[in-house]
Each structure stands twice: as C-alpha cells, then as structure tokens.
Amino acid sequence: MTEIDVAFAGARDGRVERFARWMALVERPLRASLRRFARAVDVESAMQEAFLRMWIACRNPERVFEGDNASLRFALRVARIVALEEVRRARHEHLVALEDLDPSAEPSVDPTPPADPGLLRAIKDCLGRLRGKPREALFARLSGGHTLADRDLATSLGMAVNTFLQNVVRARRSVADCLERKGA
C-alpha cells in the first residue's frame with residue numbers, strides 16, 4: 001500500500017484530521033490534473049467539490065478502492081468530471097482543448113504542461129491589482145495554504161476564520177473578473 005492508500009484507509013473511520021492528511025497528499029496531483037481547465041473554470045471550486053465528493057465516497061463502506069493509489073486515481077476522475085460539468089454549465093467549451101472535453105478520457109497529471117506566457121502575465125497582473133485584506137488573505141493562502149490550516153492563516157493576519165475565507169473568495173472573484181476582462 002502506498003502512503004496515499006494508508007491515509008485514505010485511515011480516513012474511512014470518519015476522522016476529519018485523517019481525511020485532511022489524505023487531502024494534503026493528493027492536492028498537488030489533483031490541482032495539476034485540472035491545470036488544463038484553468039481558463040474555463042474556477043479550479044479551486046472544482047477542487048473543493050471533488051474533495052467533498054471524495055469525503056462522501058470515503059464514508060461509504062460499500063465503496064471499495066483497490067489497487068495502488070486507488071483513491072488518488074478515483075479522485076482524479078472525480079475532479080475531471082467536476083471540471084467538465086463546470087465547463088459545460090458555464091458554456092466555456094471554447095476555452096478547453098477538444099481532447100480534454102472527452103468525458104471517457106483517462107485523467108492524468110501532465111508532468112510538462114505547455115507554457116502559456118500570456119496567461120502567466122495576465123495572472124501576475126491581476127494578482128498585482130489586488131488591494132487590502134483580500135490581497136493579504138489570498139497571498140497568505142497561496143504562500144502557506146499547503147502547510148497551514150485556514151484557522152492558523154486567519155490568526156496570523158488578525159482575522160476571524162470566516163472573515164479570512166470571505167476575503168479569499170473576494171480576491172479570487174476579483175482575479176477571475178480581471179482575467180475575464182483580459183480574455184484569459
């Protein structure tokens with residue numbers, strides 16, 4: 001069994017901290033697998049929906065995960081389905097490569113995604129336009145979000161957890177609006 005398998009098996013008893021450990025192990029590959037959808041959907045939202053669906057699957061004793069990294073492989077499929085649902089709901093099919101729209105395609109993590117310097121410039125510009133508490137919250141999440149809990153990030157900024165989360169949402173919405181105005 002891999003470390004991911006052990007973490008997922010441990011989370012099946014319903015202990016949130018064990019599921020959080022599993023999430024920490026699979027977050028990067030899941031996020032990387034959704035990179036190709038970044039122009040069309042809110043990847044963070046797709047990630048959270050995928051994690052919610054995985055929590056439900058984890059708690060279902062009838063659902064069996066077999067093979068190395070089975071929970072990761074299943075999570076990759078779930079995340080891809082969530083992203084495809086969002087692409088279609090938002091009618092953003094034109095922003096995604098045709099082969100990525102095939103729901104039967106096996107999800108994967110592309111180790112060398114094609115670079116898009118224009119998109120990178122647009123993202124940096126939009127992040128640079130953020131101001132105030134939303135900027136502080138988003139940059140705290142981006143710099144420490146993989147290792148620190150939201151509660152700890154909020155405390156470090158002198159914010160209540162809900163205020164911190166609202167500021168992250170405001171910042172993400174602002175960046176998304178900025179990118180949409182840029183056609184990115």
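Residue numbers start at 1 and run along the sequence shown.
Here the side chain of Arg53 pairs no donor or acceptor atom with the backbone of Val82 at under 3.5 angstrom. Between the Ser156 side chain and the Leu153 main chain, a donor and an acceptor come within less than 3.5 Å of each other. A donor-acceptor distance shorter than 3.5 angstrom exists from the side chain of Ser143 to the backbone of Phe139, with no hydrogens or angles considered. Although no hydrogens or angles enter the test, the distance criterion places no donor-acceptor pair under 3.5 Å between the side chain of Arg18 and the main chain of Phe8. Formation of a donor-acceptor pair under 3.5 Å by the Arg36 side chain with backbone atoms of Ser33 is found in this model.
Residues Arg173 and Pro134 have side chains not in contact (no heavy-atom distance under 4.5 Å, counting atoms from C-beta outward). Side-chain contact check for Ile123 versus Leu127: some heavy-atom pair is nearer than 4.5 Å. The closest side-chain heavy-atom distance from Arg12 to Phe19 is not below 4.5 Å. Taking 4.5 Å as the limit, some side-chain heavy atom of Glu27 sits within range of a side-chain heavy atom of Arg31.
Nearest heavy-atom pair, Leu138 versus Ala171, reported as atom, atom and distance to 0.1 Å: CB-CB, 3.7 Å. When every heavy atom of Ala137 is checked against every heavy atom of Asn167, the shortest pair comes out as CB-CB, 3.6 Å. Minimum heavy-atom separation, Ser71 to Met54: O-CE, 3.6 Å. The two residues Lys182 and Cys126 make their nearest non-hydrogen contact at CE-SG, 3.7 Å. Shown here for Arg59 and Pro61, the closest heavy-atom pair between the two residues is O-CD, 3.2 Å. Residues Val43 and Ala38 approach most closely at CG2-CA, 3.8 Å, considering heavy atoms.
Using a cutoff of 4.0 Å between basic side-chain nitrogens and carboxylate oxygens, Arg21 and Glu3 are scored as salt-bridged. Using a 4.0 Å cut-off between charged side-chain N and carboxylate O, Asp68 and Arg73 make no salt bridge. A salt bridge is defined here as a Lys NZ or Arg NE, NH1 or NH2 lying under 4.0 Å from an Asp or Glu carboxylate O, and Asp125 with Arg121 fails to meet this definition.
Rounding to the nearest 0.5 Å gives a distance of 11.5 Å between CG of Asp150 and CE of Met159. Atoms CD and CG, on Glu86 and Asp42 in that order, are 7.5 Å from each other to the nearest 0.5 Å. Note that CZ of Arg88 and CG of Leu84 are 5.0 Å apart. Values are rounded to the nearest 0.5 Å. The structure places CE of Met1 at 10.0 Å from CG of Asn69, a figure rounded to the nearest 0.5 Å. Here the CG atom belonging to Leu76 is positioned 11.0 Å from the CD1 atom belonging to Ile81, to the nearest 0.5 angstrom. How far SG of Cys58 is from CZ of Arg63: 11.0 Å, rounded to the nearest 0.5 Å.
The hydrophobic clustering, which links ILVMFWY residues whose side-chain heavy atoms are closer than 4.5 Å, places Ile56 and Val26 apart. With hydrophobic clusters built from ILVMFWY side chains whose heavy atoms lie under 4.5 angstrom apart, Phe164 does not share a cluster with Val169. In the hydrophobic cluster analysis, where Ile, Leu, Val, Met, Phe, Trp and Tyr join through side-chain heavy atoms closer than 4.5 angstrom, Leu142 is grouped together with Leu130. Taking hydrophobic clusters as Ile, Leu, Val, Met, Phe, Trp and Tyr residues chained together by side-chain heavy-atom distances below 4.5 Å, Val161 shares a cluster with Leu157. Leu72 and Trp55 fall within a single hydrophobic cluster, where Ile, Leu, Val, Met, Phe, Trp and Tyr side chains are chained together by heavy-atom contacts under 4.5 Å.
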Determine, step by step, whether Trp22 and Val6 satisfy the side chain to side chain contact (heavy atoms under 4.5 Å, CB included) criterion, reporting the C-alpha distance in whole Å, the side-chain angles of both residues, the deciding distance to 0.1 Å, and the verdict. CA-CA 9 Å; Trp22 175 82; Val6 171; over 6 Å; no

Decide yes or no on side chain to side chain contact (heavy atoms under 4.5 Å, CB included) for Met47 and Met23, but give the supporting numbers first. CA-CA 10 Å; Met47 289 282 297; Met23 286 173 51; over 6 Å; no

Verify side chain to side chain contact (heavy atoms under 4.5 Å, CB included) between Arg131 and Arg135, making sure each step is shown before the conclusion. CA-CA 5 Å; Arg131 298 287 177 258; Arg135 177 187 173 89; 4.2 Å; yes

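Within a 6.0 Å radius of CZ in Arg151, no more than 12 heavy atoms belonging to other residues, nucleotides or ligands are found.
A donor atom on one side chain and an acceptor atom on the other are found under 3.5 Å apart for Thr2 and Asp5.
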